[in-house]
Amino acid sequence: MERDRFLVIIQALNKVPISACPHFIALSARFGVPVNTLHSIHSQEVQTRVRLSGNDLKSKLNELIKHYLAGVDLLEMCFDLNLPPCHVLRQVLIALNLGLTQNKRTITEVMKDPPSLLSLVSIEVAQETLQQRNSIPEGTDAATAAQAFLSRLIKDVTLCVDCDTNYGPSSDAARHFCRRRTPDARLRVPIAVNGRIICWIDSKATFGDEGQHASYRELQYEKYSNRYGPGMVIYWHGYLADLQKLEENVLLVDKFPQSGEIATLPQLPLDATEGGGGGGKARGRLNFREDNGIEP
(Lines give C-alpha, C1' and ligand atoms only; values in the text may rest on other atoms or scores of the structure.)
Protein backbone atom coordinates (compact mmCIF):
# COMPACT_ATOMS: atom_id res chain seq x y z
CA MET A 1 0.00 0.00 0.00
CA GLU A 2 1.30 3.45 -0.91
CA ARG A 3 1.95 5.79 2.02
CA ASP A 4 -0.38 8.58 0.78
CA ARG A 5 -3.29 6.17 0.67
CA PHE A 6 -2.40 4.81 4.10
CA LEU A 7 -2.39 8.31 5.65
CA VAL A 8 -5.85 9.08 4.25
CA ILE A 9 -7.18 5.85 5.81
CA ILE A 10 -5.58 6.74 9.16
CA GLN A 11 -7.21 10.17 9.04
CA ALA A 12 -10.63 8.60 8.48
CA LEU A 13 -10.18 6.03 11.27
CA ASN A 14 -8.97 8.62 13.78
CA LYS A 15 -12.21 10.55 13.42
CA VAL A 16 -14.04 7.66 15.09
CA PRO A 17 -13.99 7.89 18.93
CA ILE A 18 -13.09 4.88 21.07
CA SER A 19 -16.74 4.61 22.13
CA ALA A 20 -17.76 3.74 18.55
CA CYS A 21 -16.73 1.12 16.02
CA PRO A 22 -15.64 2.22 12.54
CA HIS A 23 -17.93 1.12 9.70
CA PHE A 24 -15.31 -1.15 8.18
CA ILE A 25 -17.49 -2.33 5.31
CA ALA A 26 -18.22 1.25 4.18
CA LEU A 27 -14.54 2.19 4.57
CA SER A 28 -13.53 -0.90 2.60
CA ALA A 29 -15.78 0.15 -0.28
CA ARG A 30 -14.51 3.73 -0.09
CA PHE A 31 -10.79 2.95 -0.13
CA GLY A 32 -10.79 -0.38 -1.96
CA VAL A 33 -9.03 -2.09 0.95
CA PRO A 34 -10.05 -5.45 2.51
CA VAL A 35 -12.01 -5.25 5.76
CA ASN A 36 -9.41 -7.32 7.63
CA THR A 37 -6.70 -4.88 6.59
CA LEU A 38 -8.73 -1.97 7.98
CA HIS A 39 -9.30 -3.87 11.23
CA SER A 40 -5.55 -4.38 11.56
CA ILE A 41 -4.70 -0.73 10.81
CA HIS A 42 -7.32 0.49 13.29
CA SER A 43 -6.07 -1.83 16.04
CA GLN A 44 -2.50 -0.64 15.56
CA GLU A 45 -3.58 3.01 15.66
CA VAL A 46 -5.33 2.40 18.98
CA GLN A 47 -2.17 0.76 20.34
CA THR A 48 -0.13 3.78 19.23
CA ARG A 49 -2.61 6.09 20.98
CA VAL A 50 -2.19 4.06 24.18
CA ARG A 51 1.61 4.26 24.05
CA LEU A 52 1.54 8.02 23.54
CA SER A 53 -0.94 8.56 26.38
CA GLY A 54 1.02 6.66 29.04
CA ASN A 55 2.30 9.59 31.09
CA ASP A 56 -0.92 11.55 30.72
CA LEU A 57 -3.01 8.66 32.07
CA LYS A 58 -0.68 8.14 35.05
CA SER A 59 -0.96 11.81 35.97
CA LYS A 60 -4.78 11.55 35.97
CA LEU A 61 -5.07 8.17 37.67
CA ASN A 62 -5.65 9.33 41.25
CA GLU A 63 -8.33 11.73 40.08
CA LEU A 64 -9.98 8.96 38.05
CA ILE A 65 -10.07 6.65 41.05
CA LYS A 66 -11.49 9.43 43.22
CA HIS A 67 -14.31 9.94 40.71
CA TYR A 68 -14.87 6.21 40.36
CA LEU A 69 -15.20 5.67 44.11
CA ALA A 70 -17.62 8.61 44.18
CA GLY A 71 -19.88 6.74 41.75
CA VAL A 72 -18.81 8.00 38.30
CA ASP A 73 -19.20 5.38 35.57
CA LEU A 74 -15.84 3.83 34.64
CA LEU A 75 -16.79 3.19 31.02
CA GLU A 76 -17.81 6.81 30.53
CA MET A 77 -14.45 7.96 31.93
CA CYS A 78 -12.67 5.69 29.44
CA PHE A 79 -14.68 7.19 26.59
CA ASP A 80 -13.91 10.72 27.80
CA LEU A 81 -10.19 9.85 27.73
CA ASN A 82 -10.66 8.22 24.29
CA LEU A 83 -8.68 5.20 25.50
CA PRO A 84 -9.50 1.47 25.39
CA PRO A 85 -11.57 0.51 28.47
CA CYS A 86 -9.46 -2.54 29.35
CA HIS A 87 -6.29 -0.47 29.30
CA VAL A 88 -7.73 2.09 31.72
CA LEU A 89 -9.28 -0.69 33.83
CA ARG A 90 -5.92 -2.42 34.22
CA GLN A 91 -4.32 0.78 35.49
CA VAL A 92 -7.22 1.38 37.90
CA LEU A 93 -6.97 -2.15 39.32
CA ILE A 94 -3.24 -1.70 39.90
CA ALA A 95 -3.66 1.70 41.57
CA LEU A 96 -6.43 0.47 43.90
CA ASN A 97 -3.88 -1.74 45.72
CA LEU A 98 -6.16 -4.74 45.98
CA GLY A 99 -3.29 -7.23 45.95
CA LEU A 100 -3.74 -8.15 42.29
CA THR A 101 -0.21 -7.29 41.16
CA GLN A 102 1.75 -10.04 42.93
CA ASN A 103 1.40 -12.17 39.81
CA LYS A 104 1.60 -10.51 36.38
CA ARG A 105 -1.23 -12.65 35.01
CA THR A 106 -3.70 -12.12 37.84
CA ILE A 107 -5.40 -9.05 36.35
CA THR A 108 -5.66 -10.77 32.96
CA GLU A 109 -7.29 -13.75 34.67
CA VAL A 110 -9.75 -11.40 36.39
CA MET A 111 -10.66 -9.95 32.99
CA LYS A 112 -11.28 -13.45 31.66
CA ASP A 113 -13.39 -14.40 34.69
CA PRO A 114 -14.67 -11.28 36.54
CA PRO A 115 -16.43 -13.19 39.39
CA SER A 116 -13.02 -14.64 40.36
CA LEU A 117 -12.36 -11.20 41.89
CA LEU A 118 -14.31 -12.31 44.96
CA SER A 119 -11.88 -15.17 45.61
CA LEU A 120 -8.81 -12.99 44.99
CA VAL A 121 -9.77 -9.91 47.02
CA SER A 122 -11.07 -10.34 50.55
CA ILE A 123 -13.71 -8.09 52.10
CA GLU A 124 -11.03 -6.90 54.55
CA VAL A 125 -8.69 -5.78 51.77
CA ALA A 126 -11.51 -4.00 49.91
CA GLN A 127 -12.57 -2.35 53.15
CA GLU A 128 -9.02 -1.13 53.80
CA THR A 129 -8.84 0.36 50.30
CA LEU A 130 -12.07 2.29 50.83
CA GLN A 131 -10.96 3.50 54.26
CA GLN A 132 -7.60 4.73 52.95
CA ARG A 133 -9.40 6.80 50.32
CA ASN A 134 -12.18 7.99 52.65
CA SER A 135 -14.78 6.41 50.40
CA ILE A 136 -17.12 4.73 52.86
CA PRO A 137 -20.46 6.62 52.86
CA GLU A 138 -21.63 8.01 56.18
CA GLY A 139 -23.90 5.69 58.08
CA THR A 140 -22.84 2.68 55.99
CA ASP A 141 -21.24 -0.38 57.54
CA ALA A 142 -17.64 -0.77 56.26
CA ALA A 143 -18.07 -4.45 55.37
CA THR A 144 -21.31 -3.72 53.50
CA ALA A 145 -19.61 -0.91 51.57
CA ALA A 146 -16.71 -3.21 50.69
CA GLN A 147 -19.10 -5.90 49.42
CA ALA A 148 -20.95 -3.35 47.26
CA PHE A 149 -17.63 -2.02 45.94
CA LEU A 150 -16.47 -5.51 44.82
CA SER A 151 -19.85 -6.26 43.22
CA ARG A 152 -19.70 -3.00 41.27
CA LEU A 153 -16.10 -3.69 40.25
CA ILE A 154 -17.06 -7.11 38.86
CA LYS A 155 -19.80 -5.51 36.74
CA ASP A 156 -17.39 -2.85 35.45
CA VAL A 157 -14.73 -5.42 34.54
CA THR A 158 -17.36 -7.32 32.55
CA LEU A 159 -18.52 -4.15 30.76
CA CYS A 160 -14.99 -3.03 29.90
CA VAL A 161 -14.06 -6.42 28.44
CA ASP A 162 -17.29 -6.61 26.43
CA CYS A 163 -16.72 -3.12 24.98
CA ASP A 164 -13.02 -3.49 24.16
CA THR A 165 -11.84 -5.36 21.06
CA ASN A 166 -8.32 -3.92 21.19
CA TYR A 167 -7.02 -4.41 24.73
CA GLY A 168 -9.07 -7.30 26.13
CA PRO A 169 -7.47 -10.55 27.36
CA SER A 170 -7.63 -12.20 23.92
CA SER A 171 -5.72 -9.27 22.39
CA ASP A 172 -3.12 -9.51 25.17
CA ALA A 173 -2.56 -13.16 24.27
CA ALA A 174 -2.12 -12.30 20.59
CA ARG A 175 0.46 -9.60 21.38
CA HIS A 176 2.36 -11.98 23.65
CA PHE A 177 2.34 -14.63 20.90
CA CYS A 178 3.93 -12.14 18.52
CA ARG A 179 7.05 -11.89 20.73
CA ARG A 180 8.42 -15.29 19.72
CA ARG A 181 12.19 -15.63 19.36
CA THR A 182 12.19 -17.97 16.37
CA PRO A 183 10.57 -17.57 12.96
CA ASP A 184 7.52 -19.60 11.95
CA ALA A 185 9.56 -21.67 9.51
CA ARG A 186 13.29 -22.36 9.21
CA LEU A 187 14.20 -23.87 5.87
CA ARG A 188 16.62 -26.81 5.84
CA VAL A 189 17.57 -25.84 2.31
CA PRO A 190 17.27 -22.17 1.28
CA ILE A 191 14.98 -21.17 -1.58
CA ALA A 192 14.99 -18.11 -3.81
CA VAL A 193 11.91 -15.89 -4.18
CA ASN A 194 12.06 -13.43 -7.07
CA GLY A 195 15.82 -13.79 -7.04
CA ARG A 196 16.29 -13.27 -3.28
CA ILE A 197 17.65 -16.01 -1.02
CA ILE A 198 15.24 -17.07 1.74
CA CYS A 199 16.40 -19.07 4.78
CA TRP A 200 13.38 -18.51 7.03
CA ILE A 201 9.74 -17.38 6.80
CA ASP A 202 7.66 -15.49 9.36
CA SER A 203 3.92 -14.90 9.13
CA LYS A 204 2.12 -11.85 10.55
CA ALA A 205 -1.68 -11.60 10.64
CA THR A 206 -1.45 -7.82 10.68
CA PHE A 207 -0.80 -4.76 8.52
CA GLY A 208 2.84 -3.75 8.33
CA ASP A 209 2.89 -0.03 9.09
CA GLU A 210 6.03 1.88 10.00
CA GLY A 211 5.74 1.52 13.78
CA GLN A 212 4.68 -2.12 13.74
CA HIS A 213 7.43 -3.09 11.31
CA ALA A 214 10.11 -1.20 13.24
CA SER A 215 9.13 -3.03 16.43
CA TYR A 216 9.16 -6.45 14.76
CA ARG A 217 12.41 -5.60 13.02
CA GLU A 218 14.19 -4.78 16.30
CA LEU A 219 12.72 -7.63 18.34
CA GLN A 220 12.69 -10.37 15.71
CA TYR A 221 13.79 -9.83 12.11
CA GLU A 222 17.31 -8.57 12.81
CA LYS A 223 17.93 -11.46 15.21
CA TYR A 224 16.57 -13.99 12.71
CA SER A 225 18.77 -12.59 9.92
CA ASN A 226 21.89 -12.58 12.09
CA ARG A 227 21.24 -16.15 13.21
CA TYR A 228 19.80 -17.84 10.13
CA GLY A 229 20.51 -15.58 7.15
CA PRO A 230 18.07 -13.61 4.93
CA GLY A 231 14.36 -14.37 5.20
CA MET A 232 10.82 -13.47 4.15
CA VAL A 233 7.94 -11.92 6.13
CA ILE A 234 4.32 -12.30 5.05
CA TYR A 235 2.10 -9.43 6.21
CA TRP A 236 -1.27 -11.01 5.38
CA HIS A 237 -3.14 -7.69 5.66
CA GLY A 238 -0.64 -5.75 3.54
CA TYR A 239 2.22 -3.38 4.31
CA LEU A 240 3.57 0.04 3.38
CA ALA A 241 5.35 -0.38 0.06
CA ASP A 242 8.27 1.90 0.91
CA LEU A 243 9.29 -0.26 3.90
CA GLN A 244 10.94 -2.72 1.51
CA LYS A 245 13.56 -0.08 0.65
CA LEU A 246 14.83 -0.28 4.24
CA GLU A 247 15.33 -4.04 4.16
CA GLU A 248 18.38 -5.76 2.71
CA ASN A 249 17.91 -9.12 4.41
CA VAL A 250 14.12 -9.38 4.65
CA LEU A 251 11.72 -9.74 1.74
CA LEU A 252 8.24 -8.35 2.48
CA VAL A 253 5.18 -9.88 0.80
CA ASP A 254 1.42 -9.88 1.44
CA LYS A 255 0.72 -13.44 0.26
CA PHE A 256 2.65 -16.65 -0.23
CA PRO A 257 4.64 -16.49 -3.49
CA GLN A 258 3.38 -18.35 -6.55
CA SER A 259 5.33 -21.41 -7.69
CA GLY A 260 6.74 -19.46 -10.62
CA GLU A 261 8.32 -16.97 -8.22
CA ILE A 262 10.12 -19.67 -6.23
CA ALA A 263 13.38 -21.33 -7.23
CA THR A 264 14.70 -24.38 -5.38
CA LEU A 265 17.99 -26.25 -5.49
CA PRO A 266 17.89 -29.48 -7.57
CA GLN A 267 17.79 -32.66 -5.49
CA LEU A 268 20.65 -35.08 -5.99
CA PRO A 269 19.29 -38.64 -5.91
CA LEU A 270 21.06 -41.32 -3.86
CA ASP A 271 22.08 -44.40 -5.89
CA ALA A 272 21.68 -47.27 -3.46
CA THR A 273 22.88 -49.94 -5.96
CA GLU A 274 26.55 -49.14 -5.37
CA GLY A 275 28.60 -49.80 -2.25
CA GLY A 276 26.65 -52.50 -0.48
CA GLY A 277 29.15 -54.08 1.91
CA GLY A 278 29.97 -53.36 5.52
CA GLY A 279 33.41 -52.61 6.92
CA GLY A 280 32.76 -48.89 7.02
CA LYS A 281 32.07 -48.55 3.28
CA ALA A 282 29.32 -46.22 2.10
CA ARG A 283 26.05 -47.94 1.21
CA GLY A 284 25.45 -45.66 -1.73
CA ARG A 285 26.80 -42.73 -3.70
CA LEU A 286 25.47 -39.51 -5.15
CA ASN A 287 24.39 -40.04 -8.74
CA PHE A 288 25.59 -36.87 -10.51
CA ARG A 289 24.00 -36.24 -13.87
CA GLU A 290 26.20 -35.42 -16.83
CA ASP A 291 24.31 -32.23 -17.64
CA ASN A 292 24.99 -30.51 -14.31
CA GLY A 293 28.62 -29.87 -15.08
CA ILE A 294 29.92 -31.75 -12.04
CA GLU A 295 32.15 -34.75 -12.37
CA PRO A 296 31.48 -37.69 -10.04
Side-chain angles (χ1 to χ4, degrees), residues 1-7 9-10 31-45 47-48 171 173-272 284-296:
M1 183 186 295
E2 296 301 323
R3 184 172 293 272
D4 289 346
R5 188 184 188 191
F6 172 72
L7 292 176
I9 292 173
I10 291 295
F31 294 112
V33 174
V35 168
N36 287 339
T37 297
L38 293 171
H39 270 287
S40 181
I41 294 173
H42 177 250
S43 177
Q44 288 161 210
E45 276 303 296
Q47 291 174 37
T48 299
S171 300
R175 281 191 294 275
H176 179 74
F177 181 74
C178 289
R179 297 185 189 123
R180 297 184 313 270
R181 297 188 179 182
T182 57
D184 290 323
R186 289 173 54 193
L187 307 181
R188 284 187 173 184
V189 179
I191 62 173
V193 176
N194 293 325
R196 296 184 58 153
I197 300 299
I198 304 298
C199 301
W200 54 267
I201 300 172
D202 208 42
S203 174
K204 301 298 184 190
T206 185
F207 180 85
D209 65 13
E210 199 162 26
Q212 189 86 324
H213 181 72
S215 177
Y216 282 135
R217 186 186 191 195
E218 179 183 358
L219 296 175
Q220 295 179 321
Y221 306 156
E222 288 182 352
K223 294 178 174 62
Y224 298 167
S225 297
N226 290 337
R227 189 175 303 169
Y228 308 120
M232 178 174 72
V233 173
I234 307 174
Y235 283 117
W236 292 102
H237 298 317
Y239 62 93
L240 286 176
D242 54 11
L243 292 179
Q244 185 62 78
K245 299 174 184 177
L246 306 175
E247 297 296 342
E248 294 182 4
N249 295 315
V250 180
L251 175 64
L252 305 180
V253 297
D254 57 9
K255 59 182 180 296
F256 200 84
Q258 300 294 318
S259 58
E261 300 174 293
I262 302 173
T264 58
L265 292 173
Q267 293 185 353
L268 301 178
L270 189 66
D271 187 347
R285 66 182 178 85
L286 290 175
N287 182 20
F288 292 94
R289 296 178 298 180
E290 293 181 359
D291 60 356
N292 64 11
I294 303 176
E295 293 295 332

Check your understanding: So does R186 have more than 12 non-hydrogen atoms from other groups sitting under 6.0 Å from CZ?
Key -> no
Point to revise | Derivation of the side chain to side chain contact (heavy atoms under 4.5 Å, CB included) call for W236 and N36 | key: CA-CA 9 Å; W236 292 102; N36 287 339; over 6 Å; no
**Study point:** salt bridge (Lys or Arg N to Asp or Glu O under 4.0 Å) contacts touching residues 233-243 (sequence neighbours left out)
**Key:** R3-D242
Point to revise | Any residue meeting side-chain contact (heavy atoms from CB on, under 4.5 Å) with S215, in chain and number order, not counting sequence neighbours | key: L219
Point to revise | Ring centroid separation W200 to Y224 under 6.0 Å | key: yes
Practice item. Please answer whether the main-chain N or O of S225 pairs with a side-chain N or O of N249 as donor and acceptor at a distance below 3.5 Å. Key: no
Review point. Just wondering, do I234 and I201 contact through their side chains at under 4.5 Å, heavy atoms?
Key: yes
Review point. Can any side-chain N or O of E261 pair as donor or acceptor with the backbone N or O of Q258 at less than 3.5 Å?
Key: yes
**Study point:** M232 and P257, any side-chain heavy atoms less than 4.5 Å apart
**Key:** yes
Point to revise | Side chains of I198 and I191 in contact at under 4.5 Å (non-hydrogen atoms) | key: yes
**Study point:** With H39 via ring-ring contact (aromatic ring centres under 6.0 Å, His included) - residues at least two apart
**Key:** F24
Check your understanding: When rounded to the nearest 0.5 angstrom, what is the spacing between OG in S40 and NZ in K204?
Key -> 12.0 Å
Exercise for review: Evaluate the side chain to side chain donor-acceptor pair (under 3.5 Å) criterion for residues T48 and Q44: first the C-alpha distance (whole Å), next the side-chain angles of each, then the deciding distance (0.1 Å), finally the verdict.
Suggested key: CA-CA 6 Å; T48 299; Q44 288 161 210; over 6 Å; no
Check your understanding: What orientation do Y221 and H213 show, parallel under 30°, tilted 30 to 60°, or perpendicular over 60°?
Key -> tilted
Review point. For Y239, what residues pass the side chain to side chain donor-acceptor pair (under 3.5 Å) criterion, not counting sequence neighbours?
Key: none
Practice item. State, yes or no, whether a side-chain contact exists between H237 and L38 at a heavy-atom distance under 4.5 Å. Key: no
Study note, to complete from the structure: Shortest non-hydrogen pair, R5 vs G32, comes out as NH2-O, 3.1 Å
Review point. If you measure from CD1 on I9 to CD1 on I41, what distance do you get to the nearest 0.5 Å?
Key: 5.0 Å
Practice item. Return each pair, listed once, that meets salt bridge (Lys or Arg N to Asp or Glu O under 4.0 Å) where at least one residue sits in residues 245-260; pairs must be two or more places apart or across chains. Key: R217-E247
Practice item. Decide yes or no for T206 and Y216: does some side-chain heavy atom of the first lie under 4.5 Å from some side-chain heavy atom of the second? Key: yes
**Study point:** CG-OH distance between L243 and Y235, expressed to the nearest 0.5 angstrom
**Key:** 7.5 Å
Review point. Is there any salt bridge (Lys or Arg N to Asp or Glu O under 4.0 Å) pair reaching into residues 225-240, and which pairs are they, with sequence neighbours excluded?
Key: none
Review point. What are the two closest non-hydrogen atoms of L240 and F207, and how far apart are they?
Key: N-CZ, 4.0 Å
Review point. How far does CD of E210 sit from CG of L246, to the nearest 0.5 angstrom?
Key: 7.5 Å
